[in-house]
Amino acid sequence: MDEKRELLELLLSDARESTDDLARQLGLDEETVEDLLAELEAERAVRGYTAVVDWNRVSDEHVMAAVELNVELDRETSYDDIASRIAGFSQVSTLRLVSGDYDFAVEVEGESMHEVSRFVADRIAPIPEVTQTVTHFVMETYKEAGIEFDDRDDDRLSVSP
């Protein structure tokens with residue numbers, strides 16, 4: 001595996017590690033790791049560093065939804081054109097062109113189900129090329145960005161025979 005790929009794997013597991021720790025794990029000197037990071041950022045392979053948040057531990061007022069979008073293209077409009085319009089909304093956290101029964105998979109976030117549903121109805125659905133939306137509200141998150149949320153409070157009563 002090449003050094004950049006190994007560095008990316010380490011960043012995916014913990015982007016907060018120091019360059020010194022990364023260098024030690026890769027068997028490289030710190031300056032080389034800093035240069036590799038700079039290259040990855042300049043190449044736009046690394047687009048940012050982010051935290052994985054368990055919103056249930058922070059707030060009851062954070063709602064996520066997976067939205068399926070079907071679109072109909074015309075001669076002047078491409079998937080990229082539609083994607084650039086949708087990606088511009090701050091409520092859209094993830095946008096992917098997918099294969100299968102629908103065209104785009106969109107993750108939308110807001111402070112309430114009403115806010116998310118109004119956003120989809122008022123901002124996404126009226127886009128001329130959008131022919132159908134299906135919104136699935138996230139009820140519980142068990143794993144996000146490779147990190148399991150396995151420490152849930154178990155409020156069920158145990159049953160003994």
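No hydrogens, no waters, no symmetry mates; every other heavy atom, side chains included, goes into these values. Only a predicted model underlies this, so the values are computations on that prediction, with no experimental measurement involved.
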What's the separation between atom [atom1] in [X] and atom [atom2] in [Y], rounded to the nearest 0.5 Å?
X   : Y   : atom1 : atom2 : result
R24 : T19 : CZ    : OG1   : 10.0 Å
E41 : E39 : CD    : CD    : 11.0 Å
W55 : M64 : CH2   : CE    : 8.5 Å
I86 : Q91 : CD1   : CD    : 12.5 Å
E34 : D20 : CD    : CG    : 9.5 Å

* Asked: Using links of under 4.5 Å between side-chain heavy atoms of ILVMFWY residues, direct or through other members, which residues join L22 in one cluster?
  -> L7, L8, L10, L11, L26, L28, V33, L36, L37, L40, V46, Y49
* Asked: Does the pair V98 and E68 meet the rule for a side-chain contact (heavy atoms from CB on, under 4.5 Å), with working shown?
  -> CA-CA 10 Å; V98 297; E68 302 171 3; over 6 Å; no
* To do: Assess the side chains of T32 and D35: does a donor N or O sit below 3.5 Å from an acceptor N or O?
  => no
* Do V106 and T133 have side-chain heavy atoms sitting under 4.5 Å apart? -> no
* Tell me, yes or no, whether the heavy-atom count around D14 atom CG, taken from other residues, nucleotides or ligands under 6.0 Å, exceeds 12. => yes
* To do: Answer yes or no: does atom CD of E43 have more than 12 heavy-atom neighbours from other residues, nucleotides or ligands under 6.0 Å?
  => yes
* To do: Output all residues satisfying side-chain hydrogen bond (donor to acceptor under 3.5 Å, both in side chains) with S18, sequence neighbours left out; order by chain, then residue number.
  => D21
* To do: Report yes or no: do L95 and V134 belong to one cluster of Ile/Leu/Val/Met/Phe/Trp/Tyr joined by side chain heavy-atom distances under 4.5 Å?
  => no
Contacts table for residues 113-131: side-chain donor-acceptor under 3.5 angstrom, sequence neighbours left out:
unit_1: E115; atom_1: OE2; unit_2: E111; atom_2: N; d: 3.4
unit_1: S117; atom_1: OG; unit_2: M113; atom_2: O; d: 3.1
unit_1: S117; atom_1: OG; unit_2: H114; atom_2: O; d: 3.0
unit_1: R118; atom_1: NE; unit_2: D122; atom_2: OD2; d: 3.4
unit_1: R118; atom_1: NH2; unit_2: D122; atom_2: OD1; d: 2.9
unit_1: E129; atom_1: OE1; unit_2: R85; atom_2: NH1; d: 3.0
unit_1: E129; atom_1: OE1; unit_2: R85; atom_2: NH2; d: 3.1
unit_1: E129; atom_1: OE2; unit_2: T77; atom_2: OG1; d: 3.4
unit_1: T131; atom_1: OG1; unit_2: N70; atom_2: O; d: 3.2

* **Least distance between heavy atoms, D103 atom then Y79 atom** => OD1-OH, 3.7 Å
